[in-house]
**Student:** 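Starting off with a structure, shown below.
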Amino acid sequence: MGLSNLGIFHTIIGVIAIIAAVISYVRYGKINLADNTGKIYFYLTIITSLTSLGLLKHGFNPGHIFAILIVILVIIAYFLYVKKPGNNRNRYVENFLLSFTFFLSWLPTINETLTRVPVGHPLAKDITDPLIGKTLLTIFILFIVGSFFQYRKQKKINRSTAL
């Protein structure tokens with residue numbers, strides 16, 4: 001597998017961020033920045049994205065662009081959370097941005113994982129392997145369905161607090 005020390009650190013932090021996001025989704029149906037799981041996701045996602053910029057096995061690539069975009073989007077979501085409190089229209093954008101960053105994080109993660117694991121006989125040969133395409137399509141469908149349910153849940157919350 002041949003990971004550098006930075007690669008190992010990046011992977012560990014990234015896995016913890018993913019676990020925190022999943023726990024937050026299970027508990028709240030979203031990445032909840034008011035909860036420790038949401039805060040862990042926020043901070044570790046920034047660290048993971050920034051450390052990915054130091055991983056240049058194939059030079060600067062689309063994964064690095066995703067990393068920069070993810071940092072920008074989680075900061076915007078955090079700004080909305082902190083500066084625009086309450087259950088209002090900003091929660092829709094905040095929820096979407098955090099879910100979108102989670103989705104974007106999976107794009108390079110799936111590619112890197114499937115082309116490296118198991119060591120010596122990876123599941124996918126390269127980025128063009130159909131397994132990667134099918135996995136990404138599945139993740140995209142989950143993102144769309146999840147975003148729809150988050151929107152409906154937030155709409156219900158907003159309506160109940162407006163009364």
Side-chain angles (χ1 to χ4, degrees), residues 1 3 6-55 61-117 123-124 127 131-158:
M1 196 140 72
L3 292 178
L6 180 61
I8 293 167
F9 177 75
H10 167 82
T11 301
I12 292 169
I13 297 300
V15 168
I16 295 169
I18 288 170
I19 292 168
V22 169
I23 291 169
S24 193
Y25 278 123
V26 169
R27 286 183 184 165
Y28 306 103
K30 66 180 185 175
I31 297 173
N32 185 359
L33 294 175
D35 185 67
N36 284 336
T37 56
K39 291 173 186 164
I40 290 169
Y41 174 79
F42 172 76
Y43 290 113
L44 295 188
T45 295
I46 289 175
I47 293 168
T48 302
S49 296
L50 294 176
T51 58
S52 76
L53 299 175
L55 303 172
N61 61 55
H64 294 105
I65 295 168
F66 285 141
I68 293 166
L69 181 60
I70 288 166
V71 169
I72 292 167
L73 295 178
V74 295
I75 289 172
I76 292 169
Y78 187 78
F79 176 80
L80 289 171
Y81 166 73
V82 172
K83 298 294 182 188
K84 307 285 184 180
N87 293 315
N88 52 47
R89 290 184 202 168
N90 294 305
R91 296 299 70 79
Y92 295 116
V93 178
E94 175 192 327
N95 293 343
F96 178 79
L97 290 177
L98 290 169
S99 292
F100 190 52
T101 62
F102 188 69
F103 167 72
L104 288 178
S105 297
W106 281 103
L107 301 179
T109 301
I110 288 167
N111 178 50
E112 287 297 315
T113 302
L114 295 180
T115 58
R116 290 178 181 249
V117 177
L123 297 170
I127 194 167
L131 178 61
I132 291 176
K134 290 175 186 176
T135 306
L136 292 175
L137 177 61
T138 301
I139 296 296
F140 180 69
I141 291 168
L142 288 171
F143 165 68
I144 296 297
V145 171
S147 294
F148 172 76
F149 283 110
Q150 283 181 330
Y151 174 84
R152 290 191 58 203
K153 184 175 181 176
Q154 190 64 53
K155 188 174 184 176
K156 194 181 290 186
I157 290 168
N158 287 358

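Because the structure is a prediction, the values reported are computed rather than measured. Computed over heavy atoms, backbone and side chain alike; hydrogens, waters and symmetry mates excluded.
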**Student:** With Ile141 as reference, evaluate Thr138, Ile144, Val145 under the side chain to side chain contact (heavy atoms under 4.5 Å, CB included) test and give the passing residue.
**Tutor:**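 Running side chain to side chain contact (heavy atoms under 4.5 Å, CB included) over Thr138, Ile144, Val145 with Ile141 returns exactly one hit, Val145.
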**Student:** Kindly give the heavy-atom pair with the smallest separation between Leu33 and Ala77, and that separation in Å.
**Tutor:**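 Scanning both residues, the minimum pair turns out to be CD1-O, 4.1 Å.
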**Student:** Set out, in order, the CA-CA distance, both residues' side-chain angles and the distance that settles side chain to side chain donor-acceptor pair (under 3.5 Å) for Gln150 and Asn95, then state yes or no.
**Tutor:** CA-CA 7 Å; Gln150 283 181 330; Asn95 293 343; 5.5 Å; no
**Student:** Please determine whether side-chain contact (heavy atoms from CB on, under 4.5 Å) holds for the pair Leu136 and Asn111, giving the CA-CA distance in whole Å, both sets of side-chain angles, and the decisive distance to 0.1 Å.
**Tutor:** CA-CA 9 Å; Leu136 292 175; Asn111 178 50; over 6 Å; no
**Student:** Aromatic rings Phe102 and Trp106: how do their planes relate, parallel, tilted or perpendicular, breaks at 30° and 60°?
**Tutor:**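 Perpendicular.
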**Student:** Measure the spacing between CD of Gln154 and CG of Asn88 and express it to the nearest 0.5 Å.
**Tutor:**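 Between atom CD of Gln154 and atom CG of Asn88 there are 8.0 Å.
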**Student:** With rounding to the nearest 0.5 angstrom, report the CG to OG distance, Leu73 to Ser49.
**Tutor:**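 One finds 10.0 Å between CG of Leu73 and OG of Ser49.
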**Student:** How are the rings of Tyr78 and Phe42 set to each other: parallel, tilted or perpendicular (split at 30° and 60°)?
**Tutor:**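 If you compare the ring of Tyr78 with that of Phe42, the planes turn out parallel.
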**Student:** Can you name the closest pair of heavy atoms from Tyr41 and Leu98 and give their distance?
**Tutor:**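 Heavy atoms of Tyr41 and Leu98 come nearest at OH-O, 3.8 Å.
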**Student:** May I have the list of side-chain donor-acceptor pairs in residues 17-30 shorter than 3.5 Å, sequence neighbours left out?
**Tutor:**
residue, atom, partner, partner atom, Å
Ser24, OG, Lys30, O, 2.9
Ser24, OG, Asn32, N, 2.9
Ser24, OG, Thr37, OG1, 3.4
Tyr25, OH, Ser99, OG, 3.0
Arg27, NH1, Asp35, OD2, 3.3
Tyr28, OH, Asp35, OD1, 3.0

**Student:** Just how far is it from atom OG1 of Thr101 to atom CZ of Phe96, taken to the nearest 0.5 Å?
**Tutor:**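 Rounded to the nearest 0.5 Å, the OG1-CZ separation comes out at 10.0 Å.
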**Student:** Identify the two heavy atoms, one from Gly38 and one from Ile31, that lie closest to each other, and give their separation to 0.1 Å.
**Tutor:**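 Result for this residue pair: CA-CG2, 4.0 Å.
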**Student:** Do you know which two heavy atoms are closest between Leu55 and His64, and how far apart they sit?
**Tutor:**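 Nearest heavy atoms, Leu55 then His64: O-NE2, 2.8 Å.
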**Student:** Can you list every pair that meets salt bridge (charged side-chain N to carboxylate O under 4.0 Å, His left out) and has a residue in residues 77-98, with sequence neighbours left out?
**Tutor:**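 For residues 77-98, and leaving out neighbouring residues, the salt bridge (charged side-chain N to carboxylate O under 4.0 Å, His left out) pairs sorted by first residue read Arg91-Glu94.
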**Student:** Within the 4.5 Å heavy-atom criterion, are Leu104 and Leu107 side-chain neighbours or not?
**Tutor:**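 Sidechains of Leu107 and Leu104: in contact.
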**Student:** Measure the OG1-CG distance between Thr115 and Leu131 for me, rounded to the nearest 0.5 Å.
**Tutor:**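 Output value for this atom pair is 10.5 Å.
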**Student:** Does CD1 in Ile127 sit with more than 12 non-hydrogen atoms of other residues, nucleotides or ligands closer than 6.0 Å?
**Tutor:**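 Not buried by this count: 12 neighbours or fewer within 6.0 Å.
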**Student:** First locate atom CD1 of Ile46, then atom CD1 of Ile13, and finally report the distance between them rounded to the nearest 0.5 Å.
**Tutor:**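 Ile46 atom CD1 to Ile13 atom CD1 measures 13.0 Å (nearest 0.5 Å).
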**Student:** How long is the straight-line distance from CG of Leu142 back to CG of Leu137, given to the nearest 0.5 Å?
**Tutor:**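 If we round to the nearest 0.5 Å, Leu137:CG and Leu142:CG are 9.5 Å apart.
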